2 protein chains.
Amino acid sequence: MTQPSIDEVARVAGVHKSTVSRALSRPEVVREETREHILRVAESLGYEINPLAAALRRKSSNLVPLIVPDITNPFFGELASTMTAAAEEHGYRLVLCVTDGADERTGAYLESMQNLYAPFGIIAPSTRIDPEALHRFPLGKRVVVVDKFADGSGVPTVTMDNARGIELAFEHLRGLGHRSIAYVSGISGTYTAAERRAAYLALAEQPLLLGEGTQPGTGKRAAEEFLALAERPTAIVAGNDMVAFGVIAELGSRGVGVPGDVSVVGFDGLALGERYNPGLTTVQQPINEMGRVAIALARNLVDNGEVGHVVLEPSMTVRGSTARVPG
Amino acid sequence: MTQPSIDEVARVAGVHKSTVSRALSRPEVVREETREHILRVAESLGYEINPLAAALRRKSSNLVPLIVPDITNPFFGELASTMTAAAEEHGYRLVLCVTDGADERTGAYLESMQNLYAPFGIIAPSTRIDPEALHRFPLGKRVVVVDKFADGSGVPTVTMDNARGIELAFEHLRGLGHRSIAYVSGISGTYTAAERRAAYLALAEQPLLLGEGTQPGTGKRAAEEFLALAERPTAIVAGNDMVAFGVIAELGSRGVGVPGDVSVVGFDGLALGERYNPGLTTVQQPINEMGRVAIALARNLVDNGEVGHVVLEPSMTVRGSTARVPG
DNA sequence: CTGAAAGCGCTTACAG
DNA sequence: CTGAAAGCGCTTACAG
């Protein structure tokens, strides 16, 4: 009842194991008749290739690291979910690597995954990653990053058009009559976060940054600053959904209602936003597509040496946290 | 600059590679002097064992599947987070397997991970798992399940004392003057979910189940049923935090305030509850401990054949979603 | 198009 | 306590 090996298949099929191997991995080099016979035998024996042995020989496995700062954060959860599906479609298995926000650990992960002959890796960083530092690791030359880099870094990336996302948020808010719009970015060293903040700064008539530079406690601080204002903005854009949640919760605990007293729009489009109170209006990232694209970029890098940069389009998901400005 | 192999280490150290292997994996059988010399050489060469080769030879790898229904759900995210940490402490790497709520896929995962010579697996199910079905897979005999089984099933489990958790929720609510307490379980076929529901039924003076049997849309349905009531309960206990979120959101969208109009307590203790609006009062599962225990149970199963069942203690995390009953 | 051989990097009886 | 050999289950030049 134990897995038959390739030798077993060869014996039963009456061919050499090298032929079995070819029939499985490079079918076109084997005579059709032979191939079909072998495949039938393999099937009947319930043969499955031993990926460990294959990887050892090939020096390339099907194990790919997914390096995230915090799998507890639903954004990375959604990313991991779509990545897993996309990876499995191509026969890869995702190995979960969590840095806990300490991107330095990325190196150790790359090293240990290199020992597992990972064909490539996926990194969703929490800070700006230095391409040079990445390239010090063999596997670091075969990663795709879910963030942006300066061009010519040699690292493939998937991102969304963040400036456009902020623009969508403004269009939505302005359509509801809002003119005075503040921004809460929370910390996050990624280019993505910087891009969103910069886009806000460029678009706002009178930019107002709330809760700047506070990490845990962004919501609390932003709410305090908001309350201290002589003239309060009528709307707040958050740099991501998690900080939007934090801000709304803190505002709520201080008696400020959303969207009654102030409208809030998030950024990311987490499914969770639908269960929030109120439902979160948010700039939607196509997270599912990001997973698919990341895997495709990685394959294209490994197979053809192409360093691709894909920028996806955002859309708006309107729920209950935004309302027409009173008056 | 490529990883040196064990042969390289042996050559430099002037010993046979079998001795190097022993110095590394069974140090006590090697003469101290020899061992230290080998270790020094290995260190200086930057030697790291090739886990693939070792696994192939030993027929046991360091790759352990974490099988979850939905990594998008923060509960499984938190579980995955602690599991990863606990696993890495012992040199294991977690392979992410998501069934998408289709527990049938568990079998396929067990099979493919068996081919990777996984030493054991961890399963967080979404339905009652049949131990018999599990045992049809070789790896199915070496899993620990994060749910409960009938005793004697031969499957190690970690859970929390769910009845005690419901009791804590009642104590808290009754302490606030609540007498009329409803329950929303949402679907979920696990023993854990059933236990919570049963505990509620046992404890409530006049049991009232809301939103029974609806899966997506539990919150909506529960809110509708709540609103249709002539005499509304003053408090609602939810079978888990995610449904608590759903209920509060739906209630909120229909103008029913929490805790103003009704108190809500969740179950699980997700970190996210702190960012909810209002902050969620909830029965706290020691999720971190569950990860650690799961790994420990697995090792104990594999090393000593012991089938352990650990039941952890809940606690209460009180936040803003519960208040004294008016009057 | 197929076979025979070598070898990926380890571990583990088996001798000595 | 250490060495030499065999072998885990594959893949891939190399012949033919």
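Below, chains carry the letters A, B, ... as their sequence lines are ordered, and counting in each starts from 1. Only a predicted model underlies this, so the values are computations on that prediction, with no experimental measurement involved.
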Novice: Considering only heavy atoms of chain A and a distance under 4.0 Å, specify the first and last nucleotide of DNA chain C in 5' to 3' order that meet this criterion.
Specialist: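 The contact span of chain A on DNA chain C goes from C:dC1 to C:dG9.
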
Novice: How would you list, by chain and number, every residue that makes a side-chain hydrogen bond (donor to acceptor under 3.5 Å, both in side chains) with A:Glu8, sequence neighbours excluded?
Specialist: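 Result, side-chain hydrogen bond (donor to acceptor under 3.5 Å, both in side chains) vs A:Glu8: A:Arg11.
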
Novice: Give the residues of residues 10-21 of chain A touching DNA chain D, defined as any heavy atom closer than 4.0 Å, sorted by residue number.
Specialist: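 Those residues whose heavy atoms fall under 4.0 Å from DNA chain D, taken from residues 10-21 of chain A in numerical order, are A:Lys17, A:Ser18, A:Ser21.
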
Novice: Identify all side-chain donor-acceptor contacts of residues 49-64 of chain A below 3.5 Å with residues at least two apart in sequence or on another chain.
Specialist:
unit_1, atom_1, unit_2, atom_2, d
A:Asn50, OD1, A:Leu52, N, 2.9
A:Asn50, OD1, A:Ala53, N, 3.0
A:Asn50, ND2, B:Tyr117, OH, 3.2
A:Ser61, OG, A:Leu63, N, 3.2
A:Ser61, OG, A:Leu116, O, 2.8
A:Ser61, OG, A:Tyr117, O, 2.9
A:Asn62, ND2, A:Gly91, O, 3.1

Novice: Within this structure, what is the CZ-NE2 distance for the pair B:Arg292 and B:His90, rounded to the nearest 0.5 Å?
Specialist: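 It comes to 7.5 Å.
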
Novice: Is the shortest heavy-atom distance from the side chain of B:Ile123 to the side chain of B:Leu134 under 4.5 Å?
Specialist: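 The answer is yes; the side chains approach within 4.5 Å.
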
Novice: Assuming nearest nucleotide by heavy-atom distance, tell me which of B:Arg58 and B:Arg22 is located more 5' along DNA chain D.
Specialist: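 Nearest nucleotide further toward 5': that of B:Arg22.
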
Novice: Can you list, by residue number, the residues of residues 26-49 of chain B that have a non-hydrogen atom closer than 4.0 angstrom to DNA chain C?
Specialist: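 Hits under 4.0 Å, by residue number: B:Tyr47, B:Glu48, B:Ile49.
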
Novice: Please identify each residue that fulfils side-chain contact (heavy atoms from CB on, under 4.5 Å) with A:Ala118, with sequence neighbours left out.
Specialist: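 side-chain contact (heavy atoms from CB on, under 4.5 Å) list for A:Ala118, sorted by chain: A:Pro65, A:Met113, A:Leu139.
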
Novice: Quick one: are A:Leu39 and A:Leu24 in side-chain contact, heavy atoms under 4.5 Å?
Specialist: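 Yes, their side chains come closer than 4.5 Å.
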
Novice: Partners of B:Phe120 by ring-ring contact (aromatic ring centres under 6.0 Å, His included), sequence neighbours excluded?
Specialist: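 Here the qualifying residues are B:Tyr92.
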
Novice: According to the Watson-Crick and G-U wobble definition with distances under 3.5 Å, which dot-bracket string, read 5' to 3', encodes DNA chain C, using [ ] for crossing pairs and | for pairs with another strand?
Specialist: |||.||||||||.|||

Novice: In chain order, what residues pass the side-chain hydrogen bond (donor to acceptor under 3.5 Å, both in side chains) check against A:Ser18, with sequence neighbours excluded?
Specialist: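 Scan of A:Ser18 (side-chain hydrogen bond (donor to acceptor under 3.5 Å, both in side chains), adjacent residues dropped) gives A:His16.
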
Novice: I need the A:His135 NE2 to A:Arg142 CZ distance, nearest 0.5 Å.
Specialist: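 If we round to the nearest 0.5 Å, A:His135:NE2 and A:Arg142:CZ are 11.0 Å apart.
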
Novice: If you look only at distance, which donor and acceptor atoms sit under 3.5 Å apart when one is on a side chain in residues 71-80 of chain B and the other is two or more places apart or in another chain?
Specialist:
unit_1, atom_1, unit_2, atom_2, d
B:Asn73, OD1, B:Phe75, N, 2.8
B:Glu78, OE2, B:Ala271, N, 2.8

Novice: Who are the side-chain hydrogen bond (donor to acceptor under 3.5 Å, both in side chains) partners of A:Ser112, not counting sequence neighbours?
Specialist: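 By the side-chain hydrogen bond (donor to acceptor under 3.5 Å, both in side chains) rule, A:Ser112 matches B:Arg93.
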
Novice: With sequence neighbours excluded, what pairs up with A:Thr127 under the side-chain hydrogen bond (donor to acceptor under 3.5 Å, both in side chains) test?
Specialist: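 side-chain hydrogen bond (donor to acceptor under 3.5 Å, both in side chains) check on A:Thr127 returns A:Asp103.
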
